[in-house]
A.B. asks: 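Below is the structure I would like to discuss, written out as structure tokens.
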Amino acid sequence: MSNSKLDLNGQEYELPVIVGTEGETAVDVLKLRAKSGAITFDPGYGNTGSCASAITFIDGEKGILRYRGYPIEQVATAASFAEVCYLLVYGELPNRAEYEEFRDLLARHTLLHEDMKKFFEGYSTMAHPMAILSSMVGAVSTYYPSAESDEDLNLNIIRLLAKTSTIAAFSYKKSIGQPFVYPRNDLSYTENFLHMMFAVPAETYEVPPVLDRALNLLLILHADHEQNCSTSTVRMVGSSEASLFASISAGISALSGPLHGGANQKVIEMLEKIRQDGGDYQKYMDMAKDKSSGFRLMGFGHRVYKNFDPRATLLKEAADEVLEQLGVADPLLDIARNLEDTALKDDYFVERKLYPNVDFYSGIIYRAMSIPTEMFTVLFALGRLPGWIAHWKEMRSDPDGRIHRPRQVYVGETERDFVPFDKR
Ligand code: CMC
């Protein structure tokens, strides 16, 4: 381990330097405050390493994304989502026997406690499915005790992975007033989800392979993305030793925001608005460049990717294929392509290194799959679940782990005397 030197008010401090397996360099400031009284300042944590992690590697300059060392391009084309869940949560790819056992466990834990069905009756018909998802996942903890042993924890992980897909599908059925469709244990994770979403009790439903492949791809591409807002939330909440269910419920809430997972819904709403406005995408480009408009091009920009988002590249190709295979012609795809082409040549976007992100094309595929707009972010959550779980598990098994508790620079009033009501 090497050291770096910080010169602060004429005093020199030695700070250790940590280097990751891919050569990322970090200055360890853990002891800086104790030595000097100073803290580091980094609003929005844009340049702060909050932990060391062995789960996902991103090189934002080169557009690299790897899960446990495996390039996303290989994982996305060769793996099933269940396999990716196993890889992220347990650290290695499963052999065939391990995979079969894992798939079987996932299938056997998809049922919700019958009493939980009553919860759905209490939600307003206007409830956003992300609000239902976060509260239902929190509510799962009321049925299953916090894990005391590794075995209990593993069971809760399986329960969470399995039951979240049922909760997501039930929230959709509730929103369209159809009866819930119970899970089928003979189907794969993705097939079963599509079955619970689209089967109608009076009819037989065969999961179209094109939908299954598209869902697999979408879930895999969302499965982890290191210390993003929702994952950091899961780690933050979990660091207080809150339960797995409570921590993931908090992560779902963080994901719902339009600057994070909620962007996929906003992208489609934006494209639809442009279409209704006569397809004048240049007008919206100009608005996005004008700060006073308060408008941002949704699905563009990323804190980490400064060249291209490899997930967006894969999804752009997939959008063409899926729409063709389903025989869907979506005018929003043309608007999206035009927006992208124009932005990539525009100085504002080029200078700021703003490229389409994962949310830009995913919504077009979800639409072609007949998934309603309000469910898009729920699908993101379902995909991100193994990543959140892997991070929660990694954080909790870290022997040096401590409760997350950032500092601040106070800029409010200095001390002053309290003034009673009659003197104000
Ligand atoms: N449209 C127009 N201008 C933008 C956009 C955009 N989508 N994104 C960033 N900018 C500008 C921003 O105004 C700023 O300009 P200036 O330097 O002149 O002040 C500059 O680019 C840097 O932006 P920032 O807000 O400091 O960047 P950030 O790293 O804090 O935010 C972001 C990243 C993703 C929140 C942001 O790019 C954004 O709001 N994008 C739209 C929402 C979106 O698509 N979110 C999904 C992110 S990917 C999925 C996920 O992981 O959640």
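Numbering of ligands and ligand atoms starts at 1, following listing order. Residues take their numbers from the sequence shown, with the count starting at 1.
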A.B. asks: Quick one: OG1 on T190 to CG on D212, what's the gap to the nearest 0.5 Å?
C.D. replies: 3.5 Å
A.B. asks: Is the closest N or O pair between F300 and ligand 1 shorter than 3.5 Å?
C.D. replies: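 Among all N and O atoms of F300, at least one is under 3.5 Å from an N or O of ligand 1.
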A.B. asks: Run the ring-centre check on F180 versus F120 and record whether the distance is less than 6.0 Å.
C.D. replies: yes
A.B. asks: Would you call E272-R275 a salt bridge at under 4.0 Å N-O?
C.D. replies: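 Answer for the salt bridge query: yes.
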A.B. asks: Need the ligand 1 atom indices (1-based, order shown) with element for anything under 4.0 Å from a heavy-atom of G261.
C.D. replies: 52 (O)
A.B. asks: For G299 and ligand 1, does the shortest N/O to N/O distance drop below 3.5 Å?
C.D. replies: yes
A.B. asks: Between E121 and K174, does any NZ, NE, NH1 or NH2 come within less than 4.0 Å of an OD or OE carboxylate oxygen?
C.D. replies: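 Between E121 and K174 there is no salt bridge, as every charged N stays at least 4.0 Å from the carboxylate O atoms.
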A.B. asks: Below 6.0 angstrom between ring centroids: does that apply to F349 and F300?
C.D. replies: yes
A.B. asks: Can you list the ligand 1 atoms lying under 4.0 Å from a non-hydrogen atom of D359?
C.D. replies: 46 (C), 48 (S), 49 (C)
A.B. asks: Suppose I only count heavy atoms of A263 and a 4.0 Å limit; which atoms of ligand 1 are within that range?
C.D. replies: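 The list of qualifying atoms is 43 (C), 44 (O), 45 (N), 46 (C).
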A.B. asks: Where on D309 is there a heavy atom closer than 4.0 Å to ligand 1, on the side chain, on the backbone, on both, or on neither?
C.D. replies: neither
A.B. asks: Any protein heavy-atom neighbour for atom 36 (C) of ligand 1 (distance below 4.0 angstrom)?
C.D. replies: yes
A.B. asks: Output the list of atoms in ligand 1 that are nearer than 4.0 Å to some heavy atom of A288, sorted by atom number.
C.D. replies: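 Taking each heavy atom of A288 in turn, ligand 1 has 2 (C) under 4.0 Å.
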A.B. asks: Quick one: are the ring centres of Y366 and F376 less than 6.0 Å apart?
C.D. replies: yes
A.B. asks: Give the single entry among H302, R296, R303 that approaches atom 24 (P) of ligand 1 most closely by any heavy atom.
C.D. replies: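 Considering heavy atoms of H302, R296, R303, the nearest to atom 24 (P) of ligand 1 sits in R296.
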A.B. asks: Under 4.0 Å from atom 26 (O) of ligand 1, do we find at least one protein heavy atom?
C.D. replies: no
A.B. asks: Please write down residue, atom name and distance for the protein heavy atom closest to atom 47 (C) of ligand 1.
C.D. replies: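 The closest heavy atom on the protein side is N357 ND2, 3.5 Å.
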A.B. asks: Please name the pair of heavy atoms, one in K345 and one in V350, separated by the smallest distance, quoted to 0.1 Å.
C.D. replies: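 Heavy-atom minimum between the residues: C-CG2, 4.2 Å.
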A.B. asks: Whether R184 and E191 form a salt bridge (side-chain N of Lys/Arg under 4.0 Å from carboxylate O of Asp/Glu) is what I want to check.
C.D. replies: no
A.B. asks: Tell me whether T233 contacts the main-chain N or O of G251 through its side chain, where contact means a donor paired with an acceptor under 3.5 Å.
C.D. replies: no
A.B. asks: Taking the ring centre of each residue, are Y67 and H225 less than 6.0 Å apart?
C.D. replies: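 No, ring centres 6.0 Å or more apart.
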A.B. asks: Name the closest protein heavy atom to atom 34 (C) of ligand 1, giving the residue it belongs to and the distance to 0.1 Å.
C.D. replies: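 Result for atom 34 (C) of ligand 1: G301 O, 3.6 Å.
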A.B. asks: Please check whether L297 reaches ligand 1 - meaning an N/O of the residue sits under 3.5 Å from an N/O of the ligand, judged on distance alone.
C.D. replies: yes
A.B. asks: What protein heavy atom sits nearest atom 4 (C) of ligand 1, and how far away is it?
C.D. replies: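 Looking only at protein heavy atoms, the one closest to atom 4 (C) of ligand 1 is L354 CD1, 3.5 Å.
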A.B. asks: Around atom 45 (N) of ligand 1, find the nearest protein heavy atom and jot down its residue, atom name and distance.
C.D. replies: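 Ranking protein heavy atoms by distance from atom 45 (N) of ligand 1, first comes L259 O, 2.9 Å.
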A.B. asks: Could you identify the single nearest non-hydrogen protein atom to atom 3 (N) of ligand 1 and state the distance to 0.1 Å?
C.D. replies: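 It is Y348 OH, 2.9 Å.
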A.B. asks: At a non-hydrogen distance cut-off of under 4.0 Å, which region of V267 contacts ligand 1 (side chain, backbone, both, or neither)?
C.D. replies: neither
A.B. asks: Evaluate the side-chain contact (heavy atoms from CB on, under 4.5 Å) criterion for residues E14 and L6: first the C-alpha distance (whole Å), next the side-chain angles of each, then the deciding distance (0.1 Å), finally the verdict.
C.D. replies: CA-CA 6 Å; E14 290 220 337; L6 173 73; over 6 Å; no
A.B. asks: Can you tell me the protein heavy atom closest to atom 50 (C) of ligand 1 and the distance?
C.D. replies: H260 ND1, 3.4 Å
A.B. asks: Does ligand 1 come near enough to K291 that some N or O of the ligand is less than 3.5 Å from an N or O of the residue?
C.D. replies: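 Right, the criterion is met.
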A.B. asks: Yes or no on salt bridge (charged side-chain N to carboxylate O under 4.0 Å, His left out) for E22 and R66, after CA distance, side-chain angles and deciding distance?
C.D. replies: CA-CA 11 Å; E22 292 284 351; R66 295 186 202 129; 2.7 Å; yes
A.B. asks: Can you report which non-hydrogen protein atom sits closest to atom 42 (C) of ligand 1, along with the distance?
C.D. replies: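 So the nearest neighbour among protein heavy atoms is M298 CE, 3.6 Å.
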A.B. asks: Hey, which atoms in ligand 1 end up nearer than 4.0 Å to a heavy atom of V358?
C.D. replies: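 Contacts of ligand 1 toward V358, numbered from 1: 49 (C).
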A.B. asks: So which atom in Y86 and which in E98 form the shortest heavy-atom distance, rounded to 0.1 Å?
C.D. replies: OH-CD, 3.5 Å
A.B. asks: Determine whether any heavy atom of R352 lies closer than 4.0 Å to an atom of ligand 1.
C.D. replies: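 Yes, R352 has heavy atoms under 4.0 Å from ligand 1.
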